[in-house]
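The chains referred to below are lettered A, B, ... by the order of the sequence lines, with proteins before strands, and numbering in each begins at 1. This structure is a prediction, so every number in the text was calculated from the model and none was measured.
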Protein chains: 2
Amino acid sequence: MPNPPTIKEIAKRLNLAASTVSRALHNHPRIGLRTRMKVQELARELQYEPNQTAIFFQQKKTFTLGIVLPELSEAFFSAAISGIEDTANKSNYMVLLGQSHDDTTREQKIVEIMKNHRVDGLLVSLAKNTVNYAHFEMLRKYNIPVVFFDRIPNMPNIHYVASNMESGTIQAVSFLLQRGHRVIGMINGPEKLIASQQRTAGYQKAMQLQRLKYDASLNINADLTKEGTRNAMRQLLAHKRKITAIVAFNDYVSQDAVQYALEQGLEINKDITFVSYANLPLSSYMAFPPLASVEQYPYLQGQKATEILLELLSGKLSPDQYQQIVIDSRLVIAPAR
Amino acid sequence: MPNPPTIKEIAKRLNLAASTVSRALHNHPRIGLRTRMKVQELARELQYEPNQTAIFFQQKKTFTLGIVLPELSEAFFSAAISGIEDTANKSNYMVLLGQSHDDTTREQKIVEIMKNHRVDGLLVSLAKNTVNYAHFEMLRKYNIPVVFFDRIPNMPNIHYVASNMESGTIQAVSFLLQRGHRVIGMINGPEKLIASQQRTAGYQKAMQLQRLKYDASLNINADLTKEGTRNAMRQLLAHKRKITAIVAFNDYVSQDAVQYALEQGLEINKDITFVSYANLPLSSYMAFPPLASVEQYPYLQGQKATEILLELLSGKLSPDQYQQIVIDSRLVIAPAR
DNA sequence: TAAATTTGCGCAACCGTTTGTCCAATCATT
DNA sequence: AATGATTGGACAAACGGTTGCGCAAATTTA
């Protein structure tokens, strides 16, 4: 009811200067033990709480991190944000959220609002179609550091954390080869995507490791839609060589592919085996989960990205020491069930 | 590079008082048109942006809403937060996020930090085990309004939005009755949960509508763990009456139950049929998705809750006009596949 | 033409906290 | 005992913007 107690209030009651009270509360050595105790006691008694907005204003700092990402309903991002939040909280930072819903315009607007809210820094995973990065460049002028994660811009001089699909893909293909599969199809993503290129590279290298020939016609670029996946499957199943295993771009694609295979009368894990990349946490509930899955460590990515941002903010890292962390993906074999 | 322009800066250049500039920028009628124009032009030229932290401080308002919920990786909540965010953004509010991970201690800490960050209001869905509400009561002292959603406290005089499981349950059971099922099992949640009681009530009413007798021994309270579900299934399948359909507490429970049924050699949708409550967006990828599912409208709940909070903040709603919105759940029949 | 209004803007206080500087009193040094 | 060093605290400005009030000039009214 009465206004929340302020430092001035405490100062007045104790016949001290506000500055003294402030210092006393911060255990400043220049303040005598006796007054320090008196101040702290009264503060406790009055349930004094520093007014953060005043501090933010005064310090030009809000202890708030802005997060811009496409879509929380995607498991990858909801895991990533947990990593972000946990890490931020440890350093007493809060997390301001904005979903772009994969819309560049929304993304721009969110960045603008967050800038106005004076977030100390930004963690960003790009909207699918964002190709113009002006709204991020602009932040340099305001000295707001940005760390990108997972979906990173094609731009030099940025901080980012991303996962490299190559390592996981090598492992995935090797896993299949080891199990005797020789003709392995790949339902890949759009060709321009770095993630697709990495998958291709992984496929090639895995074959090379076994001194086997890489057959590009087994590697199909699809568009990640259900129809696109079905078309890719059609192609693959019609291939002159008999395909016994398929590496799918992600779990969604994998499921669509499985469905198609079932329709064609194939028996999963017998006639044809699937390996995928983990986007889903619920694979244990899926009808035919992939036999193995490439883990991309979303939590870890969020964590790393946040750590970098925090170091940037604390000055431990200078803004032009561009951090570009690549987290190797890794194959995880599904537990038998 | 030079510090961002301030009102004072503009005032100095134009030989005006800061107050005049401020009013000019706000189109205050007492400021002459000519000076108003001059000010606005220079502001544009200098790319003046009001310092929000200064405004927050001065106005004692942050245009920030705190969201406390258990777990974003649960589809229900990630949908809810979309509703929250979209609604908040429309009114130029930002959203500060905190996950309790279903831990009451974390929940308390988050609320504390958010209070210190001076959020204008809070949207809360309780951690599973929270039974003490002191950390929310405390907010009244600070005049921070709270609107609960979905997981609401058992406490009078609060604002909340929740869904009523009764209506959906009536529809679910009726759906099964209509399809000829006469002995319908229910795997319910913990007895104390309001949501469980609503399910029971719905079950009873649906039977009553058809002048059928409600058999309590068909309605099992389980604990939502996999093991609990399996025990419930054991009981149900051992029931003296032959159960042909089951209403499961949610999709997770449903899947565990399906798994058990399969192990027992039952054929899904023939020997036994499942109906559930939608927590998962991915039912289309599940092996045996429930035949129908009760929709709880998470997006809508988030939206409604936010609207109430915003009205509370704008004064359109007085804090003691307790809003208690119940959204009826509704059965959604799964598309054939 | 004098009085009453209106118009347009400046002054100053204020929001709560932090921090650089200055001053007085106390203490130690020689 | 005079000087210097240390201690403990006060003063005031600053962060950027808002707002109540006052006041002069311009305008209208009687």
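Rounded to whole Å, the distance from CG on B:Leu14 to P on C:dG8 is 17 Å. Distance A:Leu33 CG to C:dT26 P: 18 Å, rounded to the nearest Å. Rounding to whole angstrom units, CD1 of residue B:Ile31 and C1' of C:dC11 are separated by 13 Å. Rounded to an integer number of Å, the gap from CD1 of A:Ile10 to C1' of D:dG9 is 17 Å. Here the P atom of nucleotide D:dG9 and the CZ atom of A:Arg36 are 9 Å apart, to the nearest Å. The distance between atom CZ of B:Phe57 and atom C1' of D:dC15, rounded to the nearest whole Å, is 9 Å. For B:Arg34 and C:dC9, the CZ to C1' distance is 14 Å, given to the nearest whole Å. In this structure, A:Phe56 places its CZ atom 18 Å from P of D:dG17, rounding to the nearest Å.
Both tests pass for B:Lys115 against the ring of B:Tyr142: distance under 6.0 Å to the centre and angle within 45° of the axis.
By the 4.0 Å N-to-carboxylate-O rule, B:Arg106 lies close enough to A:Asp86 to be salt-bridged with it. Contact check on A:Arg151 versus A:Asp102 returns a salt bridge, with a Lys/Arg side-chain nitrogen under 4.0 Å from an Asp/Glu carboxylate oxygen. Between B:Glu112 and B:Lys109 no salt bridge is recorded (no basic side-chain N to carboxylate O distance below 4.0 Å).
An OP1 or OP2 oxygen of D:dC15 is reached within less than 4.0 angstrom by no side-chain nitrogen or oxygen of B:Thr53. The phosphate of C:dG16 has OP1 or OP2 within less than 4.0 Å of a side-chain N or O from B:Lys60.
Note: A:Phe63 and A:Phe56 have tilted aromatic rings, judged against thresholds of 30 and 60 degrees for the angle between ring planes.
Of the possible donor and acceptor atoms, one in the side chain of A:Thr6 sits under 3.5 Å from a partner among the backbone N and O of A:Lys8.
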For nucleotides 17-21 of chain C, list the nitrogen or oxygen atoms of the protein found under 3.5 Å from its nitrogen or oxygen atoms, one pair per line.
from	atom 1	to	atom 2	distance (Å)
C:dT17	OP1	A:Tyr48	OH	2.4
C:dT17	OP1	A:Asn51	N	3.1
C:dT17	OP2	A:Ile7	N	2.6
C:dT18	OP1	A:His26	NE2	3.2
C:dT18	OP2	A:Ser22	OG	2.8
C:dT18	O4'	A:Gln58	NE2	2.3
C:dG20	N7	A:Arg23	NH2	3.0
C:dG20	O6	A:Arg23	NH1	3.0
C:dG20	O6	A:Arg23	NH2	2.9

